[in-house]
Amino acid sequence: MPNEAPHLLERLAVHQPGTRIVASVQRDLQKQTQEIVNRFAREYSSNHIYNLAAIVADVETGEVLAYAGNVSYQSDERRGNHVDIITSPRSTGSILKPFLYAGMLHDGQILPSTLVADVPLNINGFTPQNFNRTFYGSVPAHRAIERSLNVPLVRMLSMYNTGRFMSLLKKLGMTTLTFSEDHYGAALILGGAEGTLWDLAGMYASMARTLSHYRIYNGCYNPADYHPLTPYPAREKEPVLSLTDTRLTDNPLLSSASLWSMMEAMSALNRPEEEADWQQFRSMKKIAWKTGTSYGSRDAWSIGVTPRYVVAVWAGNATGEGRPGLTGVANAAPVMFDIFSLLPGGEWFDMPYDEMELAGICRHSGHKASFICEKVDSVYIPAAGRATSVCPYHKWVHLTQDERYRVNSSCEPVENIVSRSWFVLPPSQEYYYRNYNIDYRPLPPVRPGCDQEESNQIDLVYPEHNSVLFLPVGLSGEKEKFVFRAAHMRPEATIYWHLDDLYLGETEDEHQITCSPNPGTHLLTLVDDQGNQRKILFEVK
């Protein structure tokens, strides 16, 4: 007997033995998908990566068109080839990030280009890192999605709230969030929860379906568009023929404007260092796609969606064993794109103009432009974004005529003062941002002899206020020292460091100092050469 979808057959037959089952899979696509899965699995086995799964579904109906629950050529059961990976909960890695982005856009908390801080972060001892261990100071929200940056997304989750995000994920169709908000915490967005390929493919398909129906429903929404995939031929539903249909609503789970912005960010060809080979995936088809890699390189994900199809792929070991070099882009994305090459193309999503509005956006900050922003772009934004704040980073500064120093009327005749708008980031963000943005101009120093009150001159890059630090232990077993880091708005400033009542030393240029505080709560005080201070509390465990 042919056995071309063994994992799906076992899944369906367990509840209805001895019954003739009609499934929605397309035989030719099933065979081709399984062949692709087997081919890549043979290649990956040289790195002891033995398991791979893929699912293809129709967006409009949710019908599963191909179901490769695992490789089908192995005879060694110890390799886990009999495990149906499609229904197995696995660490999600970064695959949930677009959902958070869409949720924040829907609620008007951010705009696609809003700057999000990308500086060291400590949340009760949890210190997330970007994949390449680099910080960029500040990045636009859409770029944080495109480049899958961990630190900005953790900050965005903190703004949105973990419990609220869990509620959104459940409404979208995620069935594996069985623990409390406190259990997942900020790590939820980085793979702290488990999900299944089945659920996640269905969630992305539901969002694509909702976006595609926006024009059909003339701006209304059908909550029934959010539903899981089905392995059976979909039942025909009574079509929506009138805007008075009681199934339609004006209150969507996620607006089409937020979904369209999410799809645009996912389709941007701008991938992180983890995805150094993203250029090889240029395609004639426009695809919104996201990869994910779980902690310890145990799970590699790639999910892509178009208005017609969703393709979801997982690679790794059913045993949970991690492998060096296992990443979403290196191991799951090539499989996904090969499967997409089997599928016909089509049109892209229409921009939902009725839910967008033209706004003046500050080119530097990505916020709505204030009257002092120098470069303003007219950009379509989700209408909910009108509730966001205007640019907080442009400030009026008063300068000498050569613009070398800042001055005021106490030290310079008013007629000689030049006033202009200046883009100013907080010192901790500027510390990293200026290394990657060569056009960034730090504020000129205050001219000697000018009495000018300053605030926020000093910023602690590490540690943050009220953070919890854990004493590091080296390979020798000896306790190592912390490296505290600060940033100052004046590049030439000298900072004097004090820990409780102990003077630690002074720094210039690169403001870094090492120390090994005892367990307990400590007060860190920084004073610069002009008397500006910054104090924080932190705890060592």
Side-chain angles (χ1 to χ4, degrees), residues 1-35 37-38 41 50-92 95 169-179 193-206 209 223-238 299 301 303 309-320 339:
M1 294 288 289
N3 193 16
E4 292 164 1
H7 299 91
L8 178 61
L9 175 61
E10 184 174 349
R11 174 180 173 182
L12 299 183
V14 69
H15 299 298
Q16 41 190 327
T19 305
R20 183 174 185 269
I21 300 170
V22 178
S24 57
V25 293
Q26 297 178 358
R27 185 174 185 182
D28 288 343
L29 182 61
Q30 172 69 27
K31 291 175 66 175
Q32 292 172 309
T33 299
Q34 190 68 63
E35 287 170 1
V37 165
N38 290 347
Y50 297 114
N51 302 113
L52 222 159
I55 188 169
V56 183
D58 180 271
V59 164
E60 179 60 32
T61 63
E63 292 177 346
V64 172
L65 307 179
Y67 190 108
N70 209 322
V71 298
S72 63
Y73 68 87
Q74 294 176 354
S75 58
D76 188 346
E77 293 187 12
R78 293 173 298 176
R79 298 277 169 84
N81 61 302
H82 291 307
V83 176
D84 185 353
I85 295 295
I86 288 175
T87 58
S88 301
R90 307 290 303 203
S91 171
T92 55
I95 213 72
L169 292 173
K170 290 176 181 178
K171 291 175 182 176
L172 288 171
M174 193 167 178
T175 62
T176 50
L177 296 174
T178 57
F179 296 102
E194 294 178 325
T196 66
L197 209 58
W198 180 267
D199 281 356
L200 291 165
M203 292 160 71
Y204 276 104
S206 290
R209 185 182 308 117
D225 282 343
Y226 287 94
H227 61 75
L229 303 180
T230 176
Y232 306 107
R235 297 177 181 177
E236 286 194 20
K237 299 178 182 178
E238 184 180 346
D299 307 273
W301 303 81
I303 300 180
Y309 302 103
V310 61
V311 177
V313 175
W314 178 94
N317 288 308
T319 61
I339 294 173

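Predicted, not measured: the structure shown is a model, and the values here were computed from it.
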* To do: Any side chain to side chain donor-acceptor pair (under 3.5 Å) involving residues 19-29? Give me the pairs, sequence neighbours left out, ordered by first then second residue.
  => E4-R27
* N81-N70 side chain donor-acceptor pair, cut-off 3.5 Å -> no
* Structure fact -> Closest non-hydrogen atoms of A318 and G80, given as atom of the first, atom of the second and distance, are CB-O, 4.0 Å
* Closest approach of A23 to P233 (non-hydrogen atoms, all atoms of both residues) -> C-CD, 3.8 Å
* Residue list, side chain to side chain contact (heavy atoms under 4.5 Å, CB included) with A57, at least two apart or on another chain -> L229, V310
Quiz: residues 198-205 side-chain donor-acceptor pairs under 3.5 angstrom, not counting sequence neighbours:
from	atom 1	to	atom 2	distance (Å)
D199	OD2	T175	N	3.0
D199	OD2	T175	OG1	2.6
Y204	OH	I95	O	2.8

* Asked: Can you list the steps and then say if L172 with Y226 is a side-chain contact (heavy atoms from CB on, under 4.5 Å)?
  -> CA-CA 7 Å; L172 288 171; Y226 287 94; 3.4 Å; yes
* Asked: Is there any salt bridge (charged side-chain N to carboxylate O under 4.0 Å, His left out) pair reaching into residues 55-72, and which pairs are they, with sequence neighbours excluded?
  -> none
* Supply the atom-to-atom distance L29 CG to L65 CG, rounded to the nearest 0.5 angstrom. => 6.0 Å
* To do: Identify the two heavy atoms, one from T176 and one from G195, that lie closest to each other, and give their separation to 0.1 Å.
  => OG1-CA, 3.5 Å
* Structure fact -> N38 meets the side chain to side chain donor-acceptor pair (under 3.5 Å) criterion, sequence neighbours left out, with Q34, S72
* Structure fact -> Sorted by chain and number, sequence neighbours left out, side chain to side chain donor-acceptor pair (under 3.5 Å) with T92 holds for none
* Do V313 and I303 have side chains that get closer than 4.5 Å, going by heavy atoms? -> no
* Asked: Which residue pairs pass the salt bridge (charged side-chain N to carboxylate O under 4.0 Å, His left out) test with at least one member in residues 80-92, sequence neighbours excluded?
  -> R90-D299
* Find the distance between CG (L8) and CD (Q30) and round it off to the nearest 0.5 Å. => 7.5 Å
* To do: Check the surroundings of atom CD in E236: do more than 12 heavy atoms from other residues, nucleotides or ligands lie under 6.0 Å from it?
  => no
* side-chain contact (heavy atoms from CB on, under 4.5 Å) between V71 and V37, intermediate numbers included -> CA-CA 6 Å; V71 298; V37 165; 4.1 Å; yes
* Asked: Sequence neighbours excluded, which residues qualify as ring-ring contact (aromatic ring centres under 6.0 Å, His included) partners of Y232?
  -> none
* Just by distance, do the side chain of W314 and the backbone of S88 share a donor-acceptor pair under 3.5 Å? -> no
* To do: List the steps and the verdict of side-chain contact (heavy atoms from CB on, under 4.5 Å) for V64 and T230.
  => CA-CA 6 Å; V64 172; T230 176; over 6 Å; no
* **With A53 via side chain to side chain contact (heavy atoms under 4.5 Å, CB included) - residues at least two apart** => I85, I86, L197
* To do: For the residue pair P231 and L12, establish whether any side-chain heavy-atom pair is separated by less than 4.5 Å.
  => yes
* Asked: Measuring from H227:NE2 to R209:CZ, what's the distance to the nearest 0.5 Å?
  -> 3.5 Å
